[in-house]
Protein chains: 2
Amino acid sequence: MESFKQLLREHDLKITPARLGILDILHDSTSPMNAEEIYNEVSKETHTSLATIYRTLGQFSELGLLMQDNSSDGSIYYQFATDNHSHYLKCSNCNKRIHLENCPLSDLEERIQKETGFKITGHSLEFVGLCPECQKELQA
Amino acid sequence: MESFKQLLREHDLKITPARLGILDILHDSTSPMNAEEIYNEVSKETHTSLATIYRTLGQFSELGLLMQDNSSDGSIYYQFATDNHSHYLKCSNCNKRIHLENCPLSDLEERIQKETGFKITGHSLEFVGLCPECQKELQA
DNA sequence: GTAATTGCAAACAGTTTGCGCGCCC
DNA sequence: GGGCGCGCAAACTGTTTGCAATTAC
């Protein structure tokens, strides 16, 4: 908690309940969340609005605190921008999401940076497929 | 051309100018395109509407002819679903897109299929970073 | 002829923004 | 006290959908 206040100060951001709430929620979550999910959680603790959630998530992303994943469900998923972030595997039939631990792209990013001269700051990755249950269901 | 007609017949789809146009454009393009880009090209040849483009792209994707990439620009990029499809590297400053040949994820997909029991039908991948020019510009 | 396909316009969902009030430092 | 941050509602963007007219077969 206290460390999040420190984090905000370091980035010249005022300490507000919404900002702390978002950081808390994302810290507690084991997998990426979209704006609405975050809003639902944060608004349990603090009176806030979706607009604020979006604005704050945008700021945090620009500062490099969070990374964004554009999902095939049309929304953006947010998580802390650690080296060991993760991605989703989504069932195209039942829309169930499976959380894949560990992102396998760091080696690849390294190579692409060398080859293109880009400074890579993030990536978006999602797998889509059929979960075991839906494979059975659709076979029948 | 003729082969695209065959392709449509195989999938029980009627042969229409819009469908042929979309297949042509995507075949000629060296990199993924979004609905609006495709519409701009196809409508040069044939009178059509964005709605038709979206509907057709959706159909083709469901049939497995095309694959979709959800880009951080908020739109969906389409390309033929070949093993050797590709992805983008996008500059977060000037929005320039660099086209990365060869998708590096097939090995990984194989592994995930084994580990999760999912049947993976596609994925979405995009790298975001700063292009060499923008790195200089922002340093100055 | 008949069902699939289309165009149009309206509906939608997620996200962004303008503005005035209020809170953090 | 001054400016950053906020809530609200309205605007925007990409995409989807209902329906009547049209086309492919």
Side-chain angles (χ1 to χ4, degrees), chain A residues 2 4-23 32-40 42-63 65-66 68-78 90 92 95 124 126, chain B residues 2 4-23 32-40 42-63 65-66 68-78 90 92 95 124 126:
Chain A
E2 185 53 40
F4 286 145
K5 292 187 185 175
Q6 189 54 40
L7 186 63
L8 290 176
R9 280 194 207 97
E10 284 166 12
H11 289 281
D12 289 315
L13 294 175
K14 290 185 179 168
I15 291 158
T16 69
R19 286 174 178 162
L20 290 175
I22 290 176
L23 292 174
M33 299 172 76
N34 67 22
E36 199 175 340
E37 290 168 349
I38 294 170
Y39 170 70
N40 288 337
V42 173
S43 59
K44 283 181 190 166
E45 314 278 325
T46 312
H47 181 223
T48 187
S49 74
L50 245 187
T52 297
I53 301 289
Y54 275 111
R55 267 191 281 237
T56 307
L57 290 172
Q59 283 177 334
F60 287 170
S61 301
E62 277 202 17
L63 292 172
L65 257 49
L66 299 183
Q68 317 181 185
D69 270 69
N70 299 86
S71 164
S72 58
D73 70 7
S75 70
I76 305 173
Y77 284 78
Y78 297 85
K90 207 195 70 170
S92 56
N95 288 318
S124 195
E126 184 184 68
Chain B
E2 185 53 40
F4 285 146
K5 292 188 184 175
Q6 188 54 40
L7 186 64
L8 290 176
R9 281 194 207 98
E10 284 167 13
H11 289 282
D12 288 315
L13 294 175
K14 290 185 179 169
I15 291 158
T16 69
R19 285 175 178 161
L20 290 175
I22 290 176
L23 293 174
M33 299 172 77
N34 68 22
E36 198 175 339
E37 291 168 348
I38 294 169
Y39 169 71
N40 287 337
V42 173
S43 59
K44 284 181 189 165
E45 314 277 324
T46 311
H47 181 226
T48 186
S49 74
L50 245 187
T52 297
I53 301 290
Y54 275 110
R55 268 191 281 235
T56 306
L57 290 172
Q59 284 176 333
F60 287 171
S61 301
E62 278 202 15
L63 291 173
L65 256 49
L66 300 182
Q68 318 181 185
D69 270 68
N70 299 86
S71 164
S72 58
D73 70 7
S75 70
I76 306 173
Y77 284 78
Y78 297 85
K90 208 194 70 171
S92 57
N95 288 318
S124 196
E126 183 184 67

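Every chain is numbered from 1 and lettered A, B, ... according to where its sequence line falls, protein lines coming before strand lines.
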Original post:
Where the side chain of B/Arg55 is concerned, which of C/dT15, C/dC8, C/dT5 is the nearest nucleotide?
Top reply: C/dC8
**OP:** Output, in order, the C-alpha distance, side-chain angles, deciding distance and verdict of side-chain contact (heavy atoms from CB on, under 4.5 Å) for A/Leu13 and A/Leu63.
**Re:** CA-CA 11 Å; A/Leu13 294 175; A/Leu63 292 172; 3.7 Å; yes
**OP:** Specify the separation, in whole Å, of atom CD of A/Glu36 and atom C1' of C/dC12.
**Re:** 14 Å
Original post:
Under the side-chain contact (heavy atoms from CB on, under 4.5 Å) criterion, do A/Gln59 and A/His11 qualify, and how do the steps go?
Top reply: CA-CA 10 Å; A/Gln59 283 177 334; A/His11 289 281; over 6 Å; no
Subject >> Atom-pair distance (CG on B/Asp12; P on C/dA4), nearest Å >> reply: 11 Å
**OP:** Provide, to the nearest angstrom, the distance between the CZ atom belonging to A/Arg9 and the P atom belonging to C/dC24.
**Re:** 14 Å
**OP:** Please tell me which of the listed nucleotides, C/dT6, C/dC8, C/dT15, lies nearest to the side chain of B/Ala51?
**Re:** C/dC8
**OP:** Look at all strands and tell whether A/Ser49 reaches a base, only sugar-phosphate, or nothing, counting heavy atoms closer than 4.0 Å.
**Re:** base
**OP:** To the nearest Å, give me how far apart CG (A/Asp69) and C1' (C/dG14) are.
**Re:** 16 Å
Subject >> Interatomic distance, B/Ile22 atom CD1 to B/Thr56 atom OG1 [nearest 0.5 angstrom] >> reply: 4.5 Å
**OP:** Give the rounded distance in Å between these two atoms: OH of B/Tyr39 and C1' of C/dG7.
**Re:** 10 Å
Original post:
Between atom CD1 in B/Ile22 and atom P in C/dT5, what is the gap in whole Å?
Top reply: 13 Å
Original post:
With respect to the phosphate group of C/dG7, does any side-chain polar atom (N or O) of B/Thr48 fall under 4.0 Å of OP1 or OP2?
Top reply: yes
**OP:** Check whether more than 12 heavy atoms from other residues, nucleotides or ligands sit under 6.0 Å from atom CD of B/Glu36, and answer yes or no.
**Re:** no
Subject >> Main-chain N/O of B/Asp73 paired with B/Ser71 side-chain donor or acceptor, under 3.5 Å >> reply: yes
Original post:
To the nearest angstrom, how far is A/Tyr54 atom OH from C/dG18 atom P?
Top reply: 18 Å
Original post:
chain B on DNA chain D: first and last contacting nucleotide, 5' to 3', under 4.0 Å to a heavy atom?
Top reply: D/dG14 to D/dC25
Original post:
Between C/dT5 atom P and B/Leu57 atom CG, what is the distance in whole Å?
Top reply: 15 Å
Subject >> Whichever of B/Ile76 and A/Thr16 has its nearest DNA chain D nucleotide further upstream toward 5' >> reply: A/Thr16
Subject >> B/Arg19/B/Phe60 under side-chain contact (heavy atoms from CB on, under 4.5 Å): CA gap, chis, key distance, verdict >> reply: CA-CA 9 Å; B/Arg19 285 175 178 161; B/Phe60 287 171; 4.0 Å; yes
Original post:
Has A/Glu10 got more than 12 heavy atoms of other residues, nucleotides or ligands less than 6.0 Å from its CD?
Top reply: yes
